[in-house]
Amino acid sequence: MNQTDHNRQNKIAVINDFSGFGRCSIAVSLPIISQLRIQCCAVPTSVFSNHTGFKEYFFEDYTHNMEEYISNWKKLDLRFKGILSGFLGSRKQIEIVQDFIHDFRSDDTKVIIDPVMGDNGKPYPTYTDDMCMAMKDLVKYADILTPNLTEACILTDTPYTPETFVKKDYEALLMKIAEYGAKKIVITGIDSGIFLTNYIYDTGKGIYTTRQKRVGHVRSGTGDVFSAIIAADAVHDIDFRESVKRASSFVKKCIEVTETFDIPPTDGVCFEEVLHTLKCN
């Protein structure tokens, strides 16, 4: 037996920031992916004491360390069944993720990109036009994409007018995004009155929707919970529609239990209270 073989267990590389408090990004992805019986290997893009939704926070950019950090994984000959990228803070980081995918992707690697660029119709303040263009290049590497409606509009140069959108508009968005090459796409969390709807594209299966009844407050980190489940399920070859349904259901369960604790919205969701209910199918 080769004692230096580090690839006997399925692994997902998660490229995202780390927040010590606030339950988002790596701090959420790591326990959820681990619960789903996959080793989570994190590449930090930056370190926060608490995320930027708070008035004050400590922040350290990790860009200058990322390439050397990753080079040591190459020396270990690490191989990944999944690669999941989340919020990226600069064009350089986007380029590093492209290189990471190029260097570590194999025929059986699933690349999941959450193109975190904005919300409520606007890019985040840190996202310049140049970075949005770079993200359009990055998503070409994805097998699975999980944009919200704002990000779907940015990727397709579509005016953000949700008050006028109907079914055919969401379907058109999906088809335009599919031109980048992703085989599976979900536009997440679309406001549908008392429901939140997900519009899904799955190559060979067409376009369909799932929805969950809206509960509680909008909270930090729910997108990271959702994408972590999608990534782990992809590695386990779970049907995409079922994966979206169970990710949405788990997020709802997390919000429901969080409401009972009267937790501030900035503090994320108390997923720890229900993590034991999340199982591999």
Side-chain angles (χ1 to χ4, degrees), residues 12-62 82 84-89 93 112-120 124-127 146-148 150-151 186 188-189 196 198 212 214-233 243-244 246-280:
I12 291 176
V14 175
I15 309 170
N16 210 336
D17 61 78
F18 175 78
S19 292
F21 182 74
R23 281 179 289 217
C24 64
S25 308
I26 289 171
V28 166
S29 300
L30 196 157
I32 287 176
I33 289 170
S34 299
Q35 171 68 14
L36 292 173
R37 297 167 54 194
I38 298 172
Q39 184 181 5
C40 180
C41 303
V43 180
T45 60
S46 53
V47 176
F48 291 86
S49 57
N50 41 280
H51 62 72
T52 59
F54 293 85
K55 290 182 180 180
E56 296 182 63
Y57 51 88
F58 167 84
F59 160 72
E60 183 174 4
D61 186 357
Y62 209 65
L84 169 62
S85 74
F87 179 78
L88 302 172
Q93 289 188 354
I112 303 92
I113 295 177
D114 186 3
V116 184
M117 294 184 285
D119 206 355
N120 299 315
Y124 294 126
T126 57
Y127 251 80
T146 62
N148 62 27
T150 296
E151 292 150 358
V186 53
T188 61
L196 291 174
N198 300 302
Q212 282 284 341
R214 186 194 301 272
V215 296
H217 297 86
V218 175
R219 294 185 177 275
S220 303
T222 53
D224 297 307
V225 173
F226 184 94
S227 63
I229 295 171
I230 294 295
D233 283 357
S243 179
V244 170
R246 82 191 204 108
S248 300
S249 177
F250 186 73
V251 168
K252 178 184 175 185
K253 187 183 295 186
C254 290
I255 295 173
E256 286 174 334
V257 72
T258 303
E259 293 291 320
T260 68
F261 283 87
D262 195 24
I263 299 292
T266 50
D267 296 7
V269 290
C270 303
F271 69 89
E272 304 93 344
E273 299 290 330
V274 292
L275 186 58
H276 65 285
T277 68
L278 188 60
K279 306 292 184 183
C280 292

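Owing to the predicted nature of the structure, the values given are computational and were not obtained by experimental measurement. No hydrogens, no waters, no symmetry mates; every other heavy atom, side chains included, goes into these values.
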For this session: Report the distance from atom CZ of F250 to atom NZ of K252, rounding to the nearest 0.5 Å.
Result: 14.0 Å
Exercise. Do F271 and V251 have side-chain heavy atoms sitting under 4.5 Å apart?
Worked result: no
Problem set entry | Non-neighbouring partners of F54 that pass ring pair (Phe, Tyr, Trp, His ring centres under 6.0 Å), sequence neighbours left out | F21, H51
Problem set entry | OG1 on T126 to CG on L88, rounded to 0.5 Å | 10.0 Å
Exercise. Do I263 and R219 touch side chain to side chain, with heavy atoms closer than 4.5 Å?
Worked result: yes
Exercise. Has the side chain of K55 got a donor or acceptor atom that lies under 3.5 Å from a matching backbone atom of T52?
Worked result: no
Problem set entry | Contact summary for I255 and G216, nearest pair of heavy atoms | CG2-CA, 4.0 Å
Exercise. Closest approach of N198 and S248, non-hydrogen atoms and distance?
Worked result: ND2-OG, 2.9 Å
For this session: Look up atom OG1 in T45 and atom CG in D61, then write down how far apart they are to the nearest 0.5 Å.
Result: 8.0 Å
Problem set entry | Side chains of S220 and R23 in contact at under 4.5 Å (non-hydrogen atoms) | no
For this session: Taking all non-hydrogen atoms of both residues into account, name the closest pair between T150 and D119 and its distance.
Result: OG1-C, 3.3 Å
Problem set entry | Side-chain donor/acceptor of E259 to backbone N/O of H217, under 3.5 Å | yes
Donor-acceptor list for residues 26-38 side chains, cut-off 3.5 Å, not counting sequence neighbours:
| residue | atom | partner | partner atom | Å |
| --- | --- | --- | --- | --- |
| S29 | OG | S25 | O | 3.3 |
| S34 | OG | L30 | O | 2.7 |
| Q35 | NE2 | L275 | O | 3.3 |
| Q35 | NE2 | L278 | O | 2.9 |

Problem set entry | CZ-CZ distance between F18 and F48, expressed to the nearest 0.5 angstrom | 12.0 Å
Problem set entry | Side chain proximity check, P265 to V218, heavy atoms < 4.5 angstrom | no
For this session: Check whether any side-chain heavy atom of T258 lies under 4.5 Å from a side-chain heavy atom of C270, and answer yes or no.
Result: yes
Problem set entry | For G53 against T266, the heavy-atom pair lying closest together | O-CG2, 3.9 Å
Exercise. Which atom names give the shortest non-hydrogen contact between G118 and N148, and what distance separates them?
Worked result: O-ND2, 3.0 Å
Exercise. Between D224 and N16, is any pair of side-chain heavy atoms under 4.5 Å apart?
Worked result: yes
For this session: Enter the distance from E273:CD to E256:CD here, rounded to the nearest 0.5 Å.
Result: 13.5 Å
Exercise. Any sub-3.5 Å donor-acceptor pair from S49's side-chain atoms to Y57's backbone N or O?
Worked result: no
Problem set entry | Any donor-acceptor N/O pair, D114 side chain to F87 backbone, under 3.5 Å | no
Exercise. Atom CD of E151 and atom OG1 of T188: how far apart are they, to the nearest 0.5 Å?
Worked result: 7.0 Å
Exercise. Any side-chain heavy atom of V116 within less than 4.5 Å of one from Y124?
Worked result: yes
For this session: State, yes or no, whether a side-chain contact exists between S227 and L84 at a heavy-atom distance under 4.5 Å.
Result: yes
